[in-house]
Amino acid sequence: MLSTLPDQATLEEVHSSGAYVKRDVQIVRGTGARLRDIAGNIYIDCVGGMGSANFGHGHPAILAAIQHQAADLIVCPELFHNPVRARYQAALCRAAQMPRVFLCNSGAEAVEGALKIARLATGRPGIIATMRGFHGRTMGALSATWNRAYREPFGPLVPHITHVPFNNIEQMQAAMDDSVAAVLVEVVQGEGGIHPANDGYLQAVQTLCQNTGVLLIIDEIQTGFGRTGWLFAHHYDGVQPDLLCLAKSIAGGMPMGAVVMGERVGELPPKTHGSTFGGNPLACAAGLAVLDLLQNTHLIQQTHQRGEAVLAHLRAHLPEQTVREVRGRGLMIGIELRGKVAPILQTLQERGILALSAGRTVLRLLPPLVITDDDLWHVIDTVEEVLTHAV
Ligand SMILES: *Cc1c(COP(=O)(O)O)cnc(C)c1O
């Protein structure tokens, strides 16, 4: 396959770590929900930067914010005050209805931060995570991640982290004791196969946490910033996390992560955590543009409506012979197949659609929320056609 690729792709295969299995396409440009490859082919993007491109590619407001801020100041460690960071922290805290935030640079870092903060705030070591959960690849986040293939080569991992079945409150309760600092959950398990929390589950988890002095950490790294038709997915569930992990689309594609901290956590003692790039004005400016976009347009409401329409359509039209179940919230869509998803992804790519998997059998669609109706329904029709032909 290598010999059919142009030179740069070969170069990348030779020099990159080897950790990624790449598709044989070289993406060079993006506009809205469309991507262009080096040969000039256009694709509809339902990978959405694996969740980091909720606002598409080259969004004018985000682009302008980045360009202006880059000209003023890119780095500024939290050794100093910075007005852009100040405005961003206030805006994010207001959006999350939580008093404080620690800014970092990725999802895994946000989870690491939350785990440290939970131990610091409670003086307890234990973390309860969930089966099928995904929280990142660094040691702490990895220890909370369920997938054995990701974890096993890297032991010994961080101790005192246990996993209980997702959506099962009895087993969560059984795992709670006075060594537990926090429960760590996603609202819709993303990498684990697009499994939304059942109605009432997160409220029951929250009650359990409140009754036992345990902190509730919600990982909204993939579900945040409008993806599910809510600013944050947990708003649908009517719960309030003590620690909220954010990243991916937080800054419109610029690398950034955040741990938003609730009343029960309070303020961190000085020098207990830190990050060189954390809170840099460039990412903060992009983050401000994202919040402005979500709060002053109908994008969230539109995502909610389009998500309901698309999920209903898929449930009604996908063939039972190839499809086990359709799950999702908003434009976070999972189609569980009876067979493997890899050949379906390949066929879709040949038909001009880039999509994701979530495990071996789930087709995952994370289109930018700004995707046009025409492109969105073209994707849905094509998926339907491809899955019907796959019978
Ligand atoms: C992607 C993801 C992470 C890890 O984020 P990185 O930025 O890749 O480290 C953690 N949790 C969830 C739910 C994710 O989807």
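Just so you know, ligand 1 is whichever comes first in the structure, and atom 1 is the first atom listed for that ligand.
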Heavy-atom closest pair, residues A358 and G190: CB-O, 3.6 Å

If I take atom CD from residue Q222 and atom SG from residue C245, how far apart are they, to the nearest 0.5 angstrom? 13.5 Å

Determine whether the aromatic ring centres of W146 and H135 lie less than 6.0 Å apart. no

Run through ligand 1 for me and note each protein residue having a heavy atom under 4.0 Å from it, chain first, then residue number. S106, G107, A108, F134, H135, G136, E186, D219, I221, Q222, K248

Could you tabulate the donor-acceptor pairs under 3.5 Å formed by side-chain atoms of residues 55-68, not counting sequence neighbours?
from: H57; atom 1: NE2; to: D45; atom 2: OD2; distance (Å): 2.7
from: H59; atom 1: ND1; to: A61; atom 2: N; distance (Å): 3.1
from: H68; atom 1: ND1; to: A64; atom 2: O; distance (Å): 3.0

Can you list everything that forms a ring pair (Phe, Tyr, Trp, His ring centres under 6.0 Å) with H235? Sequence neighbours excluded, please. F232

Throw together a table of side-chain donor-acceptor distances under 3.5 angstrom for residues 272-285, partners on residues two or more places apart or in other chains.
from: T272; atom 1: OG1; to: P269; atom 2: O; distance (Å): 2.6
from: H273; atom 1: ND1; to: K116; atom 2: NZ; distance (Å): 3.0
from: S275; atom 1: OG; to: N105; atom 2: ND2; distance (Å): 3.0
from: S275; atom 1: OG; to: G278; atom 2: N; distance (Å): 3.0
from: N280; atom 1: OD1; to: L282; atom 2: N; distance (Å): 3.2
from: N280; atom 1: OD1; to: A283; atom 2: N; distance (Å): 2.9
from: N280; atom 1: ND2; to: F277; atom 2: O; distance (Å): 2.9

